[in-house]
Structures are given as structure tokens and as C-alpha cells.
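Given the structure is predicted, the values throughout are model-derived calculations rather than measurements.
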Amino acid sequence: MSDLSSVSAAAFLVADPTRAAMLMVLLDGRALPAGELARAAGVTAQTASSHLSRLLEGGLVEVEAEGRHRYYRLAGSHVAQALEQLAAIRPAKPAGAARPKALSPEQRQLRWCRSCYDHLAGQVGVAVTRALRERDYLRAAADKRFAVTAAGVEWFGRIGVDIASIEPTPRGLARPCLDWTERFHHLGGPLGVRLLETLCAHGWLRRSRTPRVLTVTPKGWAEFGRTLGLTEESVRQSQG
């Protein structure tokens, strides 16, 4: 299949609102049964099964069988990144356009702090990445990557992230990922994955029952303040 055909096929699959809804639910990296995905998309189980078959055939999801149950997840971080990038594309606002509708409580939570498949995103994720760059722990590098400085290696080590133990992908150890709500970059790549795992393991962040939503704990704010100079108030003010 040519690159053009691949783009057309993937775009066709994502363009359907039902399939898009199911894909967005899977953006937190979980594997979910068809029934739960059907409820999230507001369709019947039979309709969901048909859409999931097409997504599976198109390489956007993969399925894992556990006994009589089948669980679907995104086919990889490349699919998650493509979805995030598509979500960031918005039409230009014409002059005199009406003000956008107020965000729902869930939308505000997602914008504030969430997982972007397997790394930290939202206003908190952008603020952490900005602080890492301002302190010269991360630097912009060629091929849309981040380079970790010697000071950065030391900082990550202090919070429990051993840089030397992380296996880079062909796209590198760390890369900027465009945040679809903030229009700024947060930290992606294997380093971003390990950072989120470490912050959750050490109790800086807590996962929510709401898919993708993360909460910064009191310990987390104390440690972000001590190590990066970030406070809840400063993050909210910087993002407007």
C-alpha cells in the first residue's frame, strides 16, 4: 500500500464519528471490551462490533482474548500520537465569531491534567515540560527530538528515572508532542512514558476513574514546587 493509500484509508476510518469516539476513549492506553466501547460511542453492541472489525483490519486497534472476552486497545503509540495531532487541528476563527461554549467539568479536567496515551499531557504536562526546558534539563534537538542534558540526567535520576535504563525508539529517547488542548508541546517518547510511570508510582500523580484524567496530589505539588518551581497557582496563571 502506498503512503497516499495509507493516509486515505486511515483518514476514512477515523472520520466516522462512532469510530472516532471509540478511538478517543482508548487514548489512555487501556484495553476495553466491545460493550464498554459501544456505551462510550452511544451505539449498540452489534454496531460497535462492526466498527471495531474495520478498525482492526485497518491497523488502528489490536485485540487481546481473555477466555471468552475480547479486549481492544490502540495498535500503538503511533496511533495515539496521530489522533492527538488530528485533535489539535481547528478551523481558523472568522472575525466576529461567537465565543466558544464553556467547557464541561470533564473537559476542564482533561485540559488540566491527563494522560496522552502513555505520557503526561494537559496544562500540567505542558508546564512540566516548559520548566524542564527553562532549567536546561531538556533542549530542542534535530529531527523533532529533545536532548537530555547532563543536568537533566541528574534531575531525572533524583526523582527515580534512570535515563541509562530507558531504551530509545527509532525516533529517539524524548520528543515534543503537540498538546491538542494547549497548542504547546509536552514531553513524549520513552522518557515521557517513564516519567509518567514514576510520578504515579511515587504518588505525585493519581489516576482517576474517569479515563485519562490525572490528579496532582498534595505531595505532587510540593515536589513540583521543590524540584521545578511549579505551583498550582503558577500553572493556572501561565495557561490563562
Side-chain angles (χ1 to χ4, degrees), residues 26-32 73-74 76-77 80-81 84 106 108-139 145-169 171-182 184-239:
L26 294 173
L27 262 179
D28 63 353
R30 294 179 302 164
L32 298 176
R73 60 164 49 92
L74 295 183
S77 59
Q81 185 177 13
E84 287 275 346
E106 182 174 314
R108 287 197 297 270
Q109 287 181 316
L110 282 171
R111 182 182 180 190
W112 173 242
C113 189
R114 68 178 183 277
S115 61
C116 174
Y117 188 63
D118 51 12
H119 52 270
L120 178 62
Q123 292 171 314
V124 173
V126 168
V128 168
T129 302
R130 180 181 289 120
L132 291 172
R133 296 192 65 183
E134 288 175 348
R135 284 160 176 73
D136 199 34
Y137 298 157
L138 293 177
R139 291 178 185 170
R145 300 183 184 186
F146 281 137
V148 185
T149 65
V153 171
E154 182 180 349
W155 182 86
F156 280 104
R158 286 200 302 269
I159 69 167
V161 177
D162 180 10
I163 298 292
S165 70
I166 305 175
E167 185 71 26
T169 67
R171 299 182 63 193
L173 176 70
R175 64 175 182 269
C177 181
L178 182 63
D179 197 285
W180 66 272
T181 60
E182 305 314 298
F184 292 99
H185 292 107
H186 56 248
L187 175 61
L191 179 56
V193 175
R194 183 69 63 83
L195 177 61
L196 177 56
E197 292 173 350
T198 301
L199 295 180
C200 288
H202 290 179
W204 296 27
L205 298 175
R206 183 172 59 245
R207 296 186 185 275
S208 168
R209 291 183 179 180
T210 303
R212 304 184 64 197
V213 170
L214 298 169
T215 300
V216 183
T217 66
K219 176 183 178 181
W221 282 123
E223 294 297 332
F224 280 137
R226 182 180 66 83
T227 63
L228 292 175
L230 294 176
T231 66
E232 181 175 0
E233 182 181 6
S234 69
V235 174
R236 292 190 185 280
Q237 288 178 346
S238 67
Q239 303 300 323

Quick one: side chains of residues 151-160, donor-acceptor pairs under 3.5 Å with protein atoms, not counting sequence neighbours, listed by atom name and distance.
from	atom 1	to	atom 2	distance (Å)
Glu154	OE2	Arg158	NH1	3.3

### Any pair counted as side chain to side chain donor-acceptor pair (under 3.5 Å), so long as it reaches residues 206-218, sequence neighbours left out
Glu84-Arg212

## Note on the structure
Distance col, row Leu230:CG vs Trp221:CH2, nearest 0.5 angstrom, shows 7.0 Å

### Task
Rounded to the nearest 0.5 Å, what's the gap from CZ on Arg108 to SG on Cys113? Could you check?
15.5 Å

### Task
May I have the step-by-step check of side-chain contact (heavy atoms from CB on, under 4.5 Å) for Leu173 and Ile166, ending in yes or no?
CA-CA 8 Å; Leu173 176 70; Ile166 305 175; 3.5 Å; yes

Where do [X] and [Y] come nearest, in terms of heavy atoms and distance?
X	Y	result
Gly125	Leu120	CA-CG, 3.6 Å
His119	Cys177	NE2-SG, 3.7 Å
Leu26	Tyr117	O-CD1, 4.4 Å
Thr181	Gly122	OG1-CA, 4.5 Å

## Note on the structure
Those residues at least two apart in sequence (or on a different chain) that pass side-chain contact (heavy atoms from CB on, under 4.5 Å) with Phe146 are Thr129, Arg133, Leu138, Ala174, Pro176, Leu187

#### Entry: side-chain contact (heavy atoms from CB on, under 4.5 Å) against Ala31, all qualifying residues, sequence neighbours excluded
Tyr71, Arg73

In a table with atom names and distances, give each donor-acceptor pair under 3.5 Å that connects a side chain of residues 190-200 to protein atoms at least two apart or in another chain.
from	atom 1	to	atom 2	distance (Å)
Arg194	NH1	Ser165	OG	3.0
Thr198	OG1	Arg194	O	2.8

### Task
Kindly indicate, with the supporting measurements, whether the criterion side-chain contact (heavy atoms from CB on, under 4.5 Å) is fulfilled by Leu27 and Ser115.
CA-CA 8 Å; Leu27 262 179; Ser115 61; over 6 Å; no

#### Entry: Criterion side-chain contact (heavy atoms from CB on, under 4.5 Å) on His185 and Leu178, from CA distance to verdict
CA-CA 4 Å; His185 292 107; Leu178 182 63; 4.0 Å; yes

### Summary
So salt bridge (Lys or Arg N to Asp or Glu O under 4.0 Å) across residues 213-232, not counting sequence neighbours, yields Glu223-Arg226, Glu232-Arg236

### Message
Looking at Arg171, is its backbone amide N or carbonyl O close enough to the side chain of Arg145 to form a donor-acceptor pair, meaning the two atoms are under 3.5 Å apart?
### Response
yes

### Task
Verify, without hydrogens or angle tests, whether Asp179 (side chain) and Phe184 (backbone) share a donor-acceptor contact under 3.5 angstrom.
no

### Task
Kindly indicate whether the side chain of Trp112, heavy atoms from C-beta on, has any atom under 4.5 Å from the side chain of Val235.
yes

### Query
Where do Thr169 and Arg175 land on the side chain to side chain donor-acceptor pair (under 3.5 Å) test, with the steps shown first?
CA-CA 11 Å; Thr169 67; Arg175 64 175 182 269; 4.5 Å; no

